[in-house]
J.: 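Before anything else, here's the structure in question.
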Amino acid sequence: MIYQGKQKIWADYQKEIPDNHWFYVRSCIRQNFFPGSEKMFLEICRNVLKKDFFETEYHTTCGGIAYHCDTIPQETVMTIVARQFALMTEAGYENYVASCITSFGNYAEIIETWREFPEVETRIRELLWKACRREFKIPKNLAHASDLIYKYRNEIAARAKYRLVNRYTGEPLKVVEHIGCHYAKMFPSKGVGGAEYPYVLCGMIESWGGNVIDYPERRHCCGYGFRQYHVKANRGYSLSNTYKKFESMEPYHPDFILTNCPGCPYFMDRWQYVIAETEGKTYGGNGYGIPVLTYEELASLVLGYDPWDIGMQLHQVAVEPLLDKIGIAYDPKEKYKGLNEKDLMRPELPGVLRCC
Amino acid sequence: MKENIVIIGGGIAGLEAAAQLLSLGYKPIIIEKSDHLGGHVAEWNCLFPDMTPARDIVSSLAARSADANIFLNTEISFVNKLKDSYNIMLSNGISIITKIILVTTGFSVFDAAKKEEYGYGVYDQVITNRDLEHWFNTGEDKRVNDCGMNAVGFVHCVGSRDEKARNPQCSKVCCITAVKQAIELKQKFPDAMVYCFYMDLRMFGKKYEDFYISAQRDYGVRFIRGRVSEVSENIDGRVIVKAEDTLSGKPVKVTLDLLVLMAGMVCSPDSTRVANMARLPVDSDGFLKSEDNVADIISSPKEGVFYAGACTGPKTVPETLAEARAAALKVHLYIKGLE
Amino acid sequence: MRERFLTGYNDFVLPFVCGMIFVLAYCIIGMTRIILQLPAQDRKRFFISLVTPKTFFKNVKDIFLKCLIHVDLWKRNKLLGYMHSSIAFGWFMLILVGHIEVFLYTSNLGAKALYYPIFFRYFVAETESTMKGSLIFFLMDFFLLVVLSGIALAIIKRVRSRLFGMRRTTNPSFLDLVGLYSLWAIFPLRLLAESFTADISGGSFLTKSLNYVFTEFLSNHANMLPAWWAYSCALGIFFFVLPFSRYMHIPTEILLIPLRNAGIRIVNARKGLAKAQVYSCPSCGLCIDACPMVVLKGNIRDTTVYLNRQIRRNNEARIEEISDKCLLCGKCTAVCPVGVEGDKLRIAQRSVRKYSYSPDYSNISAEKEAMMCNKFVTAPNNEVSSADNEKVLYFAGCMTALTPVIRKTTESVLEKAGVEYEIMDKDGGLCCGRPLLMAGRQDQARQLVEKNTEIIMASGADTLLLSCPICYRIFRENYTLPGIEVIHHTEYFERLVLSGRLRMRRDNTKYVYHDPCELGRGCGVYEQPRNVIASAGVLVEAARNRKESICCGGSLGSLTLGFDKRKAMTENAISNLMAGSPDRIVTACPLCMSTFSRYSDRPVEDIAQVVDRTSEAGKL
Amino acid sequence: MDFGFKLSPSSAINLDKVDLSRFEKLHGIEPDIIKCMACGSCTSSCPANRFSGMSLRKVILDLQRGREKEALGMLRNCMLCGKCTMVCPRGINTRHLILSICRIYGEDGK
């Protein structure tokens, strides 16, 4: 691997990310999967970095899943998106940041479509007006939430309590990054670092002390692929894709996987359990799995938040070995205690995959 | 015979045209940007289909055109159109007034790094056809591992017939070059498995089909009809290539010790620059536009400006030489017409 | 007549006696083995044929005509015929007359019977003065002269085989040479030995005269013994070498003729009839000139004579190579003077190959296939519609699919003649099975035969018309189709022309007819196509035709001959056809047609095209 | 544990893992096999295609990709009629090739 070659490509794919004043929209599914992530994003941006992030409870889904599942037509998804933009316009913001990769791809695709076909935009404006009497401006800047953490990575590093270094060996942690397919594969120029070698997560890992590892199936989809997972008959195919990725990364012995998409961490986390149960195979050391983190979770851990406060107990794959490696203090007894001190109860332990 | 003839570009087209013009009694001026004559051909090792050493071709051309006024390391600073002639200002300060310009600026090899998915410049074991020729010539390239060459792949049409690379046309010579290089590699590494990943094989020229059959039958080169979609690096540094084997309708994956990208021909930026200065039109394929693509490919729409070689589109060496000869004759008749 | 020696014995007879005993024992054991190797049914049939008067007389006649007189060779070339029959018949008569002589003059022979007839002149003094004596002396000398003339010719043939009508001869093996030279030596030595003794034991014009010459120089009678020794040794060597040389054909052919007359076919690749054929091969090399592959010198050693030699040596690699290369045109079989079936022998070799994967056609539904070919269409031309309402099922065959003009013109002819017909393989159909059979895959071929039989029987046809001789042959030889007439289109066209259902317009176009191997040699159809063509134009003959027609080189028979290797064969076959400088080449096989048209400089047509072009509807 | 779904086997051909020893043996006997340029003439003229999907082009390819079962399945109804030999533009002796495949591959050949 010629690192300079990659740097050259990264230099070609730099996008403009304003530093402040963002209109934040959440993902439909992330709050169920890893609810700590979005909370921590706002927490870090607002309270740690003191940035202006606006959020409204009136925003809806972007329609992306339905759109990619072919259940709603393009006009509908465009109108939904137009309404989101109208909310942003009404709130007085110009920078739009999405928590979800598919939303991000969706917005990017729609903005590009409108740019190419202004008549479509006109029609959507009419439809939106008829539907809810709203008007919108196209956001000046569109970003994915990981773009912002990437942007703030050095500020976070400056405030970091921990670095991504194995405290037993002193070596940087080996990190696999996984980028959501809809981040830059459709529009390479919209992603930090392009589509082939996205830099958005690599940048975080590098600046927080870790080492990115490049493995053959790096580009491969996590397997969620809406139409695959949501139809049970196809679910084996979804699983097979994840399996392929794990088989490919296995020889590198990664310490954890970092992701920036709602579905990827969930599936890469949960499918490790299914693979363990059906194939009897685990990929971490000593029968554990490889922890899969979202970038917000990682940022929070680096900044020193309590793992249980940021929802790390919701991971199927135990994160404790990773926390031990980094040296993050945690109280095993607190793992299943809610924020309100209420007992969350213990999950049933799987048969093959080792969990704490 | 005191008419100035300016030949822009000292590749094989320029040299051949100069040699012909010299034999017709003219004294042409060759302007060459680099420090050597022969252009791309000078960097090549052997030429299909007879494995003629490129060096021989270039040195004989250079010898035959040695009497021309040759300016090496010289670029054109600007071109001014006068009433019935051009004033050409060179980077070395010399200015030439001429009625005749022969554009032989040739092509550029497509920058394979633009096809990011192939990882040229990123992966250690990915090289281009030009790198391979360089290795044939010098034996120096640390990406080519002399021992332990078990599997080699050739990707055809890199940057050719590719809308995404903004190069929809066929570069014409890559198919046969890949076959040639595959045979040469097989000769050097008889035990290595050599794969050619192609979309179509265009064996249009004299003896090309024989070459292709020989590659299959005598050298056992394996042709896989499918375009490589992505290249990754393995834990041991070898590259994993993924393609669809369109003939069996299955995805195919193979680990290689060396991947050679058959970078195509694109119009050279110098051609475009000269075209801008001399206000010559550019065709839809990015190459210079001829008066007529069938009947008169060597004439430009401008009075006194002629083309030869790959500045008007991808060409083989014999085609380029033939065009250069035709252009020399055209120039000669044009001058006769002026008198 | 008097016995010269009391004992009636001399040591010099030993080489001969040993050789004789050895060769007799060898032949008896060998013959028994071959007969035992026959399948039980064939063996029974063989024994019955031996005692059936008709076959018995045929056997005797064949053995006499073939083994002694070599009639086939006479037909081919007089000199060659004379050479062979002089040696064979002359020797036979020497033995016969010698025995008669012995039995006439001596009584209670005992063990002496073994060698007395051979060395009679040494042991017995006779006088030629009696009528009886002089006749026998004369006969003996005469036949010796006949044999000697044959030997002289044989020696000439070694050097100038072209005089005998043979371009190439077999390259003899070492033991063949030993046998050859000892055979050549036997008779001159006999002459020498008997000449020495002629003044004592008597002799006739040859021996007596020589004796006079000898006495001039070599008056001592002690010289005679070495001559007799040499004679006996030559015989002994010949007999010892015989089983391991080509001369084994002499005894084996006597067995092969009754086997063949009994109607036995090759079943086992190496045993029984196959073995008899292999050992019957005299290595004469007639098959070398006959072989169409021999235009390429490299193929000389792949002819039948060498196959036989390699089978005798059990050289498996070469057997495979030779038997796979052959085009199976059958010409070597046609010219073979002893009746070795080169093509069938090769198919038998191919059939013992071991395959780890075998096709199987049980999934093909004959019923479904039959459904597609049971709607017989009456031609629009009702005027000439057949009175007997025959339903013709036309099986074009795989190869015809690549030469659609044959199918089209055949259909057109059928329509003109008002024939009610249906095409069996409109959508491809099944293969007839002959290609599989030729490749030695007999089980697979049998499966296809069964499938096709089912289809044809279900179609309701009463005539099966074929335009491909390859199909035609297997349909005739391996199919049982009760109530259905199997006919090739050449034969059918002749019938249509003769019955007046087609009227031909004759013009001056010169046609040459190429006999396809499978149709001519394979099925014996020679005259019908010629009659049809003669009614369409001027028929000229090729240099070699009918039984000796030269394979086009495109045959499916060869498994290993590549496309590039066949060109020379095709060109040779075309030049053979050019003898009468025809305007058009006509054949009756789709494969011959496409092969010839590849290299021919003039039009190549199927007979159906000729008929279609030159005929119009006739009247009944 | 049964989840109602499981890993689906990869449909991709991994040339690194394909066992080509038998193909190499075949190639030794039939050097012309890799002269095939996949024009498909053999397939379009094949009478067995209708029954077992026979396509010699695919058979040659499948054997090179280690898909032996699929190749033999197609060969099942080959009648050795020789049409493919007649139409092959590269002059490959397809009949002998098929016979060689039948000798080298198959149940007993393993």
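The chains referred to below are lettered A, B, ... by the order of the sequence lines, with proteins before strands, and numbering in each begins at 1.
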J.: Quick one: which of Arg476(C), Arg434(C), His488(C) gives a side chain to side chain donor-acceptor pair (under 3.5 Å) with Glu518(C)?
T.: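 Among the candidates, only Arg434(C) passes.
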
J.: In terms of heavy-atom pairs under 4.5 Å, which option from Gly82(D), Cys78(D), Pro47(D) contacts chain C the most?
T.: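 Result: the option with the highest number of such pairs is Cys78(D).
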
J.: Below 4.5 Å from any heavy atom of chain C, which atoms of Arg76(D) appear? Answer side chain, backbone, both or neither.
T.: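 For Arg76(D), heavy atoms of backbone and side chain both lie under 4.5 Å from chain C.
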
J.: Out of Leu430(C), Leu448(C), Ile470(C), Leu559(C), return the one with the most heavy atom pairs under 4.5 angstrom to chain D.
T.: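 The answer is Leu559(C).
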
J.: What part of Asp324(C) gets within 4.5 angstrom of chain D, counting heavy atoms only: side chain, backbone, both, or neither?
T.: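 Just its side chain gets close to chain D.
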
J.: Inspect the surroundings of CD in Glu24(D) and state if more than 12 heavy atoms from other residues, nucleotides or ligands are less than 6.0 Å away.
T.: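 Counting other residues, nucleotides and ligands, CD of Glu24(D) exceeds 12 neighbours.
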
J.: Just give me the residue among Met79(D), Met86(D), His96(D), Glu30(D) that pairs up with chain C most often, heavy atom to heavy atom, under 4.5 Å.
T.: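 Counting heavy-atom pairs under 4.5 Å, the top option is Met79(D).
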
J.: Side chain, backbone, both or neither: which part of Arg441(C) has a heavy atom under 4.5 Å from chain D?
T.: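 Contact with chain D is through the side chain of Arg441(C) alone.
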
J.: State, to 0.1 Å, how close Ala608(C) and Thr409(C) come at their nearest heavy-atom pair, and which atoms those are.
T.: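 So the two residues come closest at CB-OG1, 3.4 Å.
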
J.: Regarding Asn363(C) and Asn77(D), do their side chains bring together a donor and an acceptor under 3.5 Å, going by distance alone?
T.: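 A pair is found: one side chain offers a donor N or O, the other an acceptor, under 3.5 Å apart.
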
J.: Give me the atom names and distance for the closest heavy-atom approach of Arg95(D) to Ser558(C).
T.: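 It is NH1-O, 3.9 Å.
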
